[in-house]
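So the structure is just underneath, and the comments pick up after that.
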Amino acid sequence: MEEVVREAIDSPAVTAWLEVNAAPVTPPLRFSRIPGGNSNLTFEVTDAEGQQLVLRRPPLGRVLSSAHDMAREWRIVSALADRAIPVPPVRGLCEDPEVTGAPFYVMDFIEGEVLATPQHVETHLDLEGRHRVAEHLVDALVDLHDLDLAEVGLEGLGRQEGYLDRQLWRWARQLREQPSERTDRLLAVHDELEARRPAQGPARIVHGDYRLGNCLVAPDGTITAVLDWELCTLGDPLADLGYLVLDWDSADDHDPVSATSPMRAVGMPDREFAAARYAERSGRTLEMLDVYVAFAAWRRACILEG
């Protein structure tokens, strides 16, 4: 952890930048790595007064800027601030790689726990809190999908049409470029999904990795922040729901997608609850939800295969 901090953070240069662009901060600053955060690196910044900030930057080494675009992630989080979606308030964006080797952005530190396993949920939330976090998880997704793209200034974030088409093409191309003994079976599933893909309605903001493990949760089960917006784009909102439902394993599932899913905690509502609440609050029809769940499972298989 400390070695990553030394390589990723030029402490004097970042401190000087923060003093000018994310004031008020009081040196000296202490930097520590926050585990997780998908492929980008996340650091807690603590100043001499005890104030806490969070810094996000790309991983070390040569990376594709399009895959770790700090300015794009900053733009998304900034646009969602002061909306119904809980996101950390942002402080500043540095696009100059000379400061610490890569662009980065800084936001406020938000209190909350990342509940990544059933044990985490059962340790931090009582039964009432588990039901509340399930409600809030669905409600925040509905609120995200209800946002008007033009009103939040994200109508140009990506192509609005053909979300599933683009995703199917992208992952099938990867399978063909890296063939294995399972490639033919996965491509057969691709063909079935392509034949059954639903027509897309109006494009919405799609998180791309929406699940409880990418949220901060208060002791009462309230979600205080949705994190990790690096895969966010415009597209079919039901793809987000399909991914969430796939990850929503119940405690009594005999063949779980993930035995460590936090949704398997005792007392957590099941995936039928999630789908029903989303349908009720959003007004969207879920007749084709199974296709979106199947797509989410296939995409996960493609990622693991790669």
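Given the structure is predicted, the values throughout are model-derived calculations rather than measurements. Worth knowing before you read on, the calculation uses all heavy atoms, side chains too, and leaves out hydrogens, waters and symmetry mates.
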Without swapping roles, check the side chain of R264 against the backbone of S261 for a donor-acceptor pair under 3.5 Å. no
Mark yes or no for whether R75, through its side chain, and G153, through its backbone, hold a donor-acceptor pair below 3.5 Å. yes
For H136, check ring-ring contact (aromatic ring centres under 6.0 Å, His included) against everything at least two apart and list the hits. none
Kindly write out the residues that satisfy side-chain hydrogen bond (donor to acceptor under 3.5 Å, both in side chains) with [X], not counting sequence neighbours, or none if the list is empty.
X    : value
R176 : none
E95  : none
T222 : D220
Y210 : none

Roughly how far, to the nearest 0.5 Å, is the CD atom of Q52 from the CZ atom of R30? 8.5 Å
Give, for atom CG of L246 and atom CG of L289, the distance between the pair rounded to the nearest 0.5 Å. 10.5 Å
Taking only Lys NZ, Arg NE, NH1 and NH2, and the carboxylate oxygens of Asp or Glu, determine whether [X] and [Y] approach each other closer than 4.0 Å.
X    : Y    : value
E151 : R83  : yes
R130 : E128 : no
D228 : R56  : yes
D209 : R211 : yes
R277 : D139 : yes

Can you tell me how the ring of F273 sits relative to the ring of W248, calling it parallel under 30°, perpendicular over 60° and tilted otherwise? tilted
Determine the interplanar angle of the W17 and F104 rings, folded into 0 to 90°, and report it as parallel if under 30°, tilted if 30 to 60°, perpendicular if over 60°. perpendicular
Name the residue from V14, D10, I9, T15 that meets the side-chain contact (heavy atoms from CB on, under 4.5 Å) definition with P12. D10
Find out whether the Lys NZ or Arg CZ of R57 is both under 6.0 angstrom from the six-membered ring centre of Y105 and within 45° of the ring's axis. no
Given a cutoff of under 4.5 Å between side-chain heavy atoms of I, L, V, M, F, W and Y, with clusters grown through shared members, what are the other residues clustered with L227? I110, V114, L216
For the residue pair W298 and H190, is the inter-centroid distance of their aromatic rings smaller than 6.0 Å? yes
